[in-house]
There are 2 protein chains.
Amino acid sequence: MHEGCTVYQTTQYLTKKWALLVLFELYKGGDDYTRRFSELKESLAGITSKVLSQRLKELEEEGLVGRRVDAEHFPVKSEYFLTEAGLGLIDVIKHLKQWALTYKIDNIDCGNQNCKDCIL
Amino acid sequence: MHEGCTVYQTTQYLTKKWALLVLFELYKGGDDYTRRFSELKESLAGITSKVLSQRLKELEEEGLVGRRVDAEHFPVKSEYFLTEAGLGLIDVIKHLKQWALTYKIDNIDCGNQNCKDCIL
DNA sequence: CGGTATCCTTTCGGATACTG
DNA sequence: CAGTATCCGAAAGGATACCG
């Protein structure tokens with residue numbers, strides 16, 4: 001087993017609380033996979049600013065999420081979006097969904113392979 | 001997003017410390033994907049009995065790992081092995097490895113798609 | 001051999017308050 | 001609006017000892 005393997009590291013920050021949900025919330029963000037901080041916070045019922053901020057920072061450092069800030073005006077406007085790598089990871093999780101549909105009979109299948117709501 | 005979704009739950013116990021390593025150690029266990037408790041403990045340098053025992057119990061409850069016990073003789077002999085579902089999950093993680101090879105340039109690729117050592 | 005029990009440290013995340 | 005700072009409780013994991 002190689003030291004510091006990327007896959008293992010990936011699983012470590014992806015499985016922190018809210019991380020996957022944040023990713024999927026961006027995925028649901030329309031054609032550009034973009035959401036604002038406040039939108040994410042509203043959609044993810046129960047998440048605190050602190051944790052949302054932490055997760056976004058981690059995901060950004062890992063290259064899964066990008067960030068655009070408009071500091072020209074007030075209030076500041078900042079947008080988060082899925083990068084190509086982040087989008088690629090969504091595909092991996094779709095494989096995981098297929099696995100779950102095969103071996104975990106209690107899983108709910110909405111019938112739509114690309115459903116963005118029940119991919120998780 | 002469906003409540004209690006299996007994929008999300010899966011990520012929660014798979015990302016506990018040592019869980020993936022235990023799974024891959026079994027995967028490396030030969031044609032029958034079987035290892036004994038003490039073998040696992042030796043291979044996973046640094047893991048404690050307590051944690052190994054916990055992880056195995058969780059993975060067994062989730063149906064990824066099976067267990068055979070021979071309590072007839074002393075000392076007791078117990079074997080753990082990958083179930084079909086567990087093996088299916090290995091495939092999912094191979095997809096994750098491909099993702100990492102594409103987007104994480106610092107990942108080490110030994111060149112063998114099915115390499116059991118550096119899949120992680 | 002294959003674990004369990006206990007204690008202890010560290011980490012994580014929730015609550016709340018505050019700021020440019 | 002988009003965060004940061006501080007404090008606190010819960011949970012996870014490591015160290016060590018013990019048992020059938």
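Since this is a predicted model, take the numbers as computed values, not measurements.
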Exercise. A:Leu21 has an atom CG; how far is it from atom C1' of C:dG13, in whole Å?
Worked result: 14 Å

Problem set entry | Whole-Å gap separating P (D:dA2) and CD (A:Glu79) | 9 Å

Problem set entry | Gap between atoms CD and P, on B:Glu42 and C:dG2 respectively (whole Å) | 10 Å

Exercise. What nucleic acid atoms does A:Lys41 come within less than 4.0 Å of, heavy atoms only: base, sugar-phosphate, or nothing?
Worked result: nothing

Exercise. Of the nucleotides C:dC1, C:dA15, C:dC7, which one has an atom closest to the side chain of B:Lys50?
Worked result: C:dC7

Seminar exercise, completed: Regarding the side chain of A:Arg67, the nearest nucleotide among D:dA5, D:dG3, C:dT4 is D:dG3

Exercise. Whole Å only: how far is the CG atom of A:Leu56 from the P atom of C:dG13?
Worked result: 13 Å

Exercise. Atom CZ of A:Phe37 and atom C1' of D:dA2: how far apart are they, to the nearest Å?
Worked result: 6 Å

For this session: Describe the nucleic acid contact of B:Ser78 in one word from base, sugar-phosphate, nothing, applying a heavy-atom distance below 4.0 Å.
Result: sugar-phosphate

Problem set entry | OP1 or OP2 of D:dA2 under 4.0 Å from side-chain N/O of A:Arg36 | yes

Exercise. Rounded to the nearest Å, what distance is computed from the CG atom of residue B:Leu44 to the C1' atom of nucleotide D:dG14?
Worked result: 15 Å

Exercise. Any idea which heavy atoms bring A:Glu39 and A:Arg36 closest together, and the distance?
Worked result: OE1-N, 2.8 Å

For this session: Please determine if a side-chain N or O atom of A:Trp18 lies less than 4.0 Å away from the OP1 or OP2 oxygen of C:dC12.
Result: no

For this session: In plain terms, say whether A:Arg55 and A:Glu58 are close enough for a salt bridge, that is, a side-chain N and a carboxylate O under 4.0 Å apart.
Result: yes

For this session: Please test B:Lys77 against B:Glu72 for salt bridge (Lys or Arg N to Asp or Glu O under 4.0 Å), starting from the C-alpha separation and ending with a verdict.
Result: CA-CA 9 Å; B:Lys77 179 180 170 186; B:Glu72 301 285 308; over 6 Å; no

Exercise. Rounding to a whole Å, what distance do you find between A:Gln12:CD and C:dT11:C1'?
Worked result: 13 Å

Exercise. Pick one: which of B:Tyr80, B:Tyr27, B:Phe81 meets ring pair (Phe, Tyr, Trp, His ring centres under 6.0 Å) with B:Tyr33?
Worked result: B:Tyr27

Exercise. If you find the nucleotide of DNA chain C closest to A:Glu58 and the one closest to A:Pro75, which residue's nucleotide is nearer the 5' end?
Worked result: A:Glu58

For this session: With the side chain of B:Val51 defined as its heavy atoms from C-beta on, choose the nearest nucleotide among D:dG3, D:dG20, D:dG14.
Result: D:dG14

For this session: Using a heavy-atom cut-off of under 4.0 Å over every strand shown, decide if B:Ser49 touches base, sugar-phosphate, or nothing.
Result: base

Exercise. Does C:dG3 have OP1 or OP2 sitting under 4.0 Å from an N or O in the side chain of B:Ser53?
Worked result: no

Exercise. Between D:dG3 and A:Tyr80, is there an OP1 or OP2 to side-chain N/O distance shorter than 4.0 Å?
Worked result: yes

Exercise. Do any side-chain nitrogens or oxygens of B:Lys57 fall under 4.0 Å of OP1 or OP2 in C:dT4?
Worked result: yes

Problem set entry | Whole-Å distance separating the CD1 atom of B:Ile47 from the P atom of D:dA15 | 12 Å

For this session: Check every atom of C:dT4, D:dG14, C:dG14 against the side chain of B:Thr48 and return the nucleotide holding the closest atom.
Result: D:dG14

For this session: State plainly whether the residues A:Arg68 and A:Glu79 are in salt-bridge range, i.e. N to O under 4.0 Å.
Result: yes

Exercise. Is the shortest distance from a Lys or Arg side-chain nitrogen in B:Lys28 or B:Glu25 to a carboxylate oxygen in the other one below 4.0 Å?
Worked result: yes

Exercise. Under 3.5 Å, is there an N or O donor on one side and an acceptor on the other linking the side chain of B:Lys16 and the base of D:dG13?
Worked result: no

